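Keep in mind that what you see is a predicted model, and the values were worked out from it rather than measured. For ligands, and for the atoms within them, numbers begin at 1 and follow the listed sequence.
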Amino acid sequence: MKNNNYGEDKLSFKIENGTLINSSSKNTVTENPIDDIKNIDLSYWNKKLKDSTPDEIIDWALKLSEKRIVTTSFGKYSAVLLSTFNRKDSNINVVWCDTGYNLPETYEHASMLISRFKLNLNVYVPKESRAFTEFRLGLPDIKDPKHKEFSEIVKLEPFRRALKKHQPDLWFTNIRVRKTEYRNSKDILSYSKEGILKVSPFYYWTDGELDALLCKNGLPKNHTYFDPIKALENRECGIHLQ
Ligand SMILES: Nc1ncnc2c1ncn2[C@@H]1O[C@H](COP(=O)(O)OS(=O)(=O)O)[C@@H](OP(=O)(O)O)[C@H]1O
(Lines give C-alpha, C1' and ligand atoms only; values in the text may rest on other atoms or scores of the structure.)
Protein backbone atom coordinates (compact mmCIF):
# COMPACT_ATOMS: atom_id res chain seq x y z
CA MET A 1 0.00 0.00 0.00
CA LYS A 2 1.36 3.40 -0.95
CA ASN A 3 1.38 6.20 1.58
CA ASN A 4 0.07 9.25 -0.26
CA ASN A 5 0.71 11.81 2.41
CA TYR A 6 0.56 15.21 0.74
CA GLY A 7 0.67 17.20 3.94
CA GLU A 8 -1.38 20.29 3.08
CA ASP A 9 -2.53 22.14 6.23
CA LYS A 10 -0.81 19.41 8.23
CA LEU A 11 -3.45 16.98 7.07
CA SER A 12 -2.33 13.82 5.38
CA PHE A 13 -4.17 11.09 3.58
CA LYS A 14 -3.68 7.82 1.82
CA ILE A 15 -5.70 6.00 -0.77
CA GLU A 16 -6.78 2.43 -0.15
CA ASN A 17 -8.87 0.73 -2.81
CA GLY A 18 -9.81 4.10 -4.25
CA THR A 19 -10.92 5.53 -0.88
CA LEU A 20 -9.34 8.56 0.71
CA ILE A 21 -8.33 7.90 4.34
CA ASN A 22 -6.72 10.24 6.89
CA SER A 23 -3.34 9.05 7.95
CA SER A 24 -0.01 10.28 9.27
CA SER A 25 3.21 9.36 7.61
CA LYS A 26 5.79 7.59 9.73
CA ASN A 27 8.28 7.67 6.96
CA THR A 28 10.19 10.91 7.43
CA VAL A 29 13.57 10.68 5.77
CA THR A 30 16.02 12.08 8.29
CA GLU A 31 19.25 10.57 7.03
CA ASN A 32 20.92 13.02 4.66
CA PRO A 33 24.61 12.19 4.22
CA ILE A 34 25.07 13.80 0.82
CA ASP A 35 27.99 16.08 0.22
CA ASP A 36 28.17 15.97 -3.59
CA ILE A 37 24.84 16.58 -5.31
CA LYS A 38 26.39 15.62 -8.66
CA ASN A 39 27.28 12.13 -7.47
CA ILE A 40 24.54 10.77 -5.30
CA ASP A 41 23.79 7.07 -5.24
CA LEU A 42 20.54 7.14 -7.25
CA SER A 43 19.69 3.52 -6.73
CA TYR A 44 20.08 3.73 -2.93
CA TRP A 45 18.12 6.97 -2.59
CA ASN A 46 15.37 6.01 -5.02
CA LYS A 47 14.74 2.89 -2.96
CA LYS A 48 14.79 4.90 0.24
CA LEU A 49 12.43 7.59 -1.06
CA LYS A 50 10.00 5.25 -2.80
CA ASP A 51 7.68 4.97 0.21
CA SER A 52 8.07 8.60 1.20
CA THR A 53 5.39 11.18 0.61
CA PRO A 54 5.90 14.04 -1.90
CA ASP A 55 6.27 16.41 1.07
CA GLU A 56 9.00 14.25 2.57
CA ILE A 57 10.79 13.92 -0.76
CA ILE A 58 10.72 17.69 -1.25
CA ASP A 59 11.88 18.37 2.33
CA TRP A 60 14.76 15.96 1.80
CA ALA A 61 15.74 17.51 -1.54
CA LEU A 62 15.45 21.13 -0.42
CA LYS A 63 18.31 20.56 2.00
CA LEU A 64 20.64 19.65 -0.85
CA SER A 65 21.00 23.01 -2.61
CA GLU A 66 19.69 26.57 -2.76
CA LYS A 67 20.21 26.57 -6.54
CA ARG A 68 16.87 25.10 -7.56
CA ILE A 69 14.02 25.56 -9.97
CA VAL A 70 10.61 24.02 -10.51
CA THR A 71 9.37 23.74 -14.09
CA THR A 72 5.77 23.92 -15.15
CA SER A 73 3.85 23.46 -18.37
CA PHE A 74 0.63 24.78 -16.77
CA GLY A 75 -0.69 21.47 -18.09
CA LYS A 76 -3.31 19.07 -16.79
CA TYR A 77 -1.85 18.40 -13.32
CA SER A 78 0.46 21.42 -12.95
CA ALA A 79 -1.50 22.71 -9.95
CA VAL A 80 -0.25 19.72 -7.93
CA LEU A 81 3.45 20.62 -7.84
CA LEU A 82 2.86 24.38 -7.80
CA SER A 83 0.50 24.18 -4.83
CA THR A 84 3.00 21.97 -3.00
CA PHE A 85 5.78 24.50 -3.54
CA ASN A 86 3.49 27.26 -2.36
CA ARG A 87 3.81 25.59 1.05
CA LYS A 88 7.38 24.34 0.81
CA ASP A 89 9.32 27.16 -0.89
CA SER A 90 6.97 29.80 -2.22
CA ASN A 91 9.81 31.90 -3.67
CA ILE A 92 11.38 29.16 -5.77
CA ASN A 93 12.11 30.14 -9.38
CA VAL A 94 9.30 28.72 -11.50
CA VAL A 95 10.34 28.17 -15.13
CA TRP A 96 7.76 28.11 -17.89
CA CYS A 97 8.61 27.82 -21.58
CA ASP A 98 5.67 29.44 -23.26
CA THR A 99 5.87 28.06 -26.79
CA GLY A 100 3.15 30.44 -27.99
CA TYR A 101 1.12 27.40 -29.02
CA ASN A 102 -0.93 26.87 -25.87
CA LEU A 103 -4.71 26.82 -25.98
CA PRO A 104 -6.61 29.81 -24.51
CA GLU A 105 -7.68 27.51 -21.64
CA THR A 106 -4.02 26.96 -20.74
CA TYR A 107 -3.31 30.69 -20.68
CA GLU A 108 -6.36 31.10 -18.43
CA HIS A 109 -5.18 28.28 -16.16
CA ALA A 110 -1.67 29.81 -16.07
CA SER A 111 -2.99 33.29 -15.17
CA MET A 112 -5.08 31.82 -12.38
CA LEU A 113 -2.22 29.78 -10.84
CA ILE A 114 0.26 32.66 -11.23
CA SER A 115 -1.97 34.97 -9.20
CA ARG A 116 -3.26 32.37 -6.73
CA PHE A 117 0.24 31.21 -5.74
CA LYS A 118 2.02 34.52 -6.46
CA LEU A 119 4.54 32.55 -8.47
CA ASN A 120 8.10 33.76 -8.85
CA LEU A 121 7.69 33.13 -12.55
CA ASN A 122 10.40 33.10 -15.21
CA VAL A 123 8.93 32.88 -18.69
CA TYR A 124 11.02 31.80 -21.65
CA VAL A 125 9.67 32.39 -25.14
CA PRO A 126 11.03 31.53 -28.61
CA LYS A 127 13.54 33.95 -30.15
CA GLU A 128 11.48 33.95 -33.35
CA SER A 129 7.88 35.18 -33.53
CA ARG A 130 5.11 32.64 -34.04
CA ALA A 131 4.18 34.40 -37.31
CA PHE A 132 7.68 33.99 -38.73
CA THR A 133 7.97 30.36 -37.59
CA GLU A 134 4.65 29.58 -39.24
CA PHE A 135 5.65 31.46 -42.39
CA ARG A 136 8.78 29.31 -42.66
CA LEU A 137 7.59 25.94 -41.33
CA GLY A 138 3.80 26.03 -41.19
CA LEU A 139 2.48 24.08 -38.20
CA PRO A 140 4.18 20.70 -38.81
CA ASP A 141 2.75 17.56 -37.28
CA ILE A 142 5.06 14.95 -35.76
CA LYS A 143 5.37 12.97 -39.01
CA ASP A 144 6.68 16.03 -40.84
CA PRO A 145 10.52 16.30 -40.92
CA LYS A 146 10.09 20.01 -40.11
CA HIS A 147 8.67 19.10 -36.68
CA LYS A 148 12.21 18.69 -35.33
CA GLU A 149 13.17 22.27 -36.17
CA PHE A 150 9.79 23.48 -34.93
CA SER A 151 10.35 21.80 -31.52
CA GLU A 152 13.86 23.19 -31.28
CA ILE A 153 12.69 26.76 -31.95
CA VAL A 154 9.57 26.92 -29.81
CA LYS A 155 10.52 24.73 -26.82
CA LEU A 156 13.96 23.13 -26.68
CA GLU A 157 16.15 26.21 -27.25
CA PRO A 158 14.10 28.33 -24.79
CA PHE A 159 14.41 25.52 -22.24
CA ARG A 160 18.20 25.30 -22.64
CA ARG A 161 18.33 29.10 -22.27
CA ALA A 162 16.42 28.78 -18.99
CA LEU A 163 18.84 26.18 -17.63
CA LYS A 164 21.83 28.29 -18.69
CA LYS A 165 20.39 31.34 -16.93
CA HIS A 166 19.46 29.62 -13.67
CA GLN A 167 22.30 27.06 -13.51
CA PRO A 168 20.32 24.89 -11.08
CA ASP A 169 21.73 21.97 -9.09
CA LEU A 170 18.17 20.79 -8.45
CA TRP A 171 15.24 20.63 -10.86
CA PHE A 172 11.79 19.78 -9.53
CA THR A 173 9.43 18.47 -12.18
CA ASN A 174 6.36 16.30 -12.52
CA ILE A 175 7.37 13.39 -14.68
CA ARG A 176 5.58 10.22 -13.74
CA VAL A 177 6.00 6.50 -14.23
CA ARG A 178 3.99 4.79 -17.01
CA LYS A 179 3.61 7.89 -19.17
CA THR A 180 6.29 6.71 -21.62
CA GLU A 181 8.68 3.79 -21.88
CA TYR A 182 11.53 6.25 -21.40
CA ARG A 183 9.98 7.52 -18.18
CA ASN A 184 9.46 4.01 -16.86
CA SER A 185 13.23 3.79 -16.85
CA LYS A 186 13.47 6.93 -14.67
CA ASP A 187 12.54 7.28 -11.01
CA ILE A 188 11.87 9.89 -8.30
CA LEU A 189 15.48 10.99 -8.71
CA SER A 190 17.40 11.06 -11.97
CA TYR A 191 20.13 13.13 -13.59
CA SER A 192 19.72 15.33 -16.65
CA LYS A 193 22.44 15.10 -19.31
CA GLU A 194 24.12 18.14 -17.74
CA GLY A 195 24.16 16.46 -14.33
CA ILE A 196 21.28 18.41 -12.77
CA LEU A 197 19.50 16.37 -10.11
CA LYS A 198 15.87 16.02 -11.22
CA VAL A 199 13.32 15.35 -8.51
CA SER A 200 9.84 14.10 -9.37
CA PRO A 201 7.99 13.89 -6.03
CA PHE A 202 4.81 12.49 -7.60
CA TYR A 203 6.63 9.97 -9.79
CA TYR A 204 4.61 6.96 -8.56
CA TRP A 205 1.22 8.68 -8.44
CA THR A 206 -1.49 7.68 -10.88
CA ASP A 207 -3.88 10.06 -12.65
CA GLY A 208 -6.64 8.87 -10.29
CA GLU A 209 -4.57 9.73 -7.24
CA LEU A 210 -3.72 13.17 -8.62
CA ASP A 211 -7.41 13.74 -9.41
CA ALA A 212 -8.31 12.89 -5.81
CA LEU A 213 -5.64 15.27 -4.56
CA LEU A 214 -6.89 18.13 -6.76
CA CYS A 215 -10.42 17.50 -5.62
CA LYS A 216 -9.56 17.29 -1.92
CA ASN A 217 -7.61 20.54 -2.04
CA GLY A 218 -9.93 22.50 -4.33
CA LEU A 219 -7.27 22.77 -7.03
CA PRO A 220 -8.05 23.22 -10.74
CA LYS A 221 -7.28 20.74 -13.51
CA ASN A 222 -6.38 21.88 -17.02
CA HIS A 223 -8.58 19.31 -18.80
CA THR A 224 -7.92 20.44 -22.37
CA TYR A 225 -4.13 20.82 -22.18
CA PHE A 226 -2.43 20.21 -25.51
CA ASP A 227 1.20 20.71 -26.46
CA PRO A 228 1.83 20.45 -30.25
CA ILE A 229 5.52 19.79 -29.56
CA LYS A 230 4.78 16.72 -27.49
CA ALA A 231 1.62 16.07 -29.56
CA LEU A 232 0.94 12.58 -28.22
CA GLU A 233 0.47 11.53 -24.60
CA ASN A 234 3.18 8.86 -24.90
CA ARG A 235 5.74 10.96 -26.67
CA GLU A 236 8.66 12.95 -25.26
CA CYS A 237 8.76 16.63 -26.20
CA GLY A 238 12.51 16.52 -25.65
CA ILE A 239 13.16 18.67 -22.58
CA HIS A 240 13.55 15.55 -20.44
CA LEU A 241 16.00 14.06 -22.93
CA GLN A 242 18.50 16.91 -22.86
N1 LIG B 1 6.54 24.20 -21.62
C2 LIG B 1 7.13 23.77 -20.50
N3 LIG B 1 7.84 24.64 -19.73
C4 LIG B 1 8.44 24.23 -18.61
N5 LIG B 1 8.38 22.95 -18.15
C6 LIG B 1 7.70 22.06 -18.86
C7 LIG B 1 7.05 22.41 -20.08
N8 LIG B 1 6.44 21.28 -20.57
C9 LIG B 1 6.71 20.29 -19.71
N10 LIG B 1 7.45 20.75 -18.67
C11 LIG B 1 7.94 19.99 -17.50
O12 LIG B 1 7.80 18.60 -17.72
C13 LIG B 1 6.84 18.06 -16.77
C14 LIG B 1 6.09 16.92 -17.41
O15 LIG B 1 5.40 17.41 -18.50
P16 LIG B 1 4.90 16.48 -19.66
O17 LIG B 1 4.54 15.16 -19.11
O18 LIG B 1 3.87 17.22 -20.43
O19 LIG B 1 6.17 16.19 -20.49
S20 LIG B 1 6.93 16.84 -21.68
O21 LIG B 1 8.14 17.35 -21.12
O22 LIG B 1 6.13 17.86 -22.36
O23 LIG B 1 7.19 15.69 -22.57
C24 LIG B 1 6.00 19.27 -16.40
O25 LIG B 1 5.34 19.10 -15.18
P26 LIG B 1 3.82 19.67 -14.99
O27 LIG B 1 3.71 20.97 -15.73
O28 LIG B 1 3.66 19.85 -13.52
O29 LIG B 1 2.94 18.61 -15.58
C30 LIG B 1 7.07 20.33 -16.31
O31 LIG B 1 7.83 20.19 -15.13
Seminar exercise, completed: Besides F132, the hydrophobic cluster formed by Ile, Leu, Val, Met, Phe, Trp and Tyr side chains linked at under 4.5 Å, directly or via other members, contains F135

Exercise. For K164, does the NZ atom sit with more than 12 other heavy atoms under 6.0 Å from it, leaving out its own atoms?
Worked result: no

Problem set entry | Side-chain heavy-atom pair L210, R176 within 4.5 angstrom cut-off | yes

Tell me which donor-acceptor pairs under 3.5 Å the side chains of residues 109-119 have, and how far apart each pair is, sequence neighbours excluded?
residue, atom, partner, partner atom, Å
S111, OG, Y107, O, 2.8
R116, NH1, G218, O, 3.3

For this session: Work out whether the distance between some heavy atom of K155 and some atom of ligand 1 is less than 4.0 Å.
Result: yes

For this session: With heavy atoms under 4.0 Å as the rule, classify the contact between H240 and ligand 1 as side chain, backbone, both or neither.
Result: side chain

Exercise. What atoms of ligand 1 come closer than 4.0 angstrom to any heavy atom of T173?
Worked result: 11 (C), 12 (O), 13 (C), 30 (C), 31 (O)

For this session: Considering the heavy atoms of S78, write down every atom of ligand 1 situated less than 4.0 Å from one of them.
Result: 26 (P), 27 (O), 28 (O), 29 (O)

Exercise. What are the two closest heavy atoms between L49 and I57, and how far apart are they?
Worked result: O-CD1, 4.0 Å

Problem set entry | Passing candidate, side chain to side chain donor-acceptor pair (under 3.5 Å) with D211, options K76, K216, K221 | K221

Exercise. Heavy-atom contacts under 4.0 Å between L81 and ligand 1: side chain, backbone, both, or neither?
Worked result: neither

Problem set entry | Option set V123, I229, T72, T71, criterion heavy-atom distance to atom 2 (C) of ligand 1, minimum | T72

Problem set entry | Under 4.0 Å to a heavy atom of V95 - the qualifying atoms of ligand 1, by number | 4 (C)

Seminar exercise, completed: Under 4.0 Å between heavy atoms, the region of R176 that gets near ligand 1 turns out to be neither

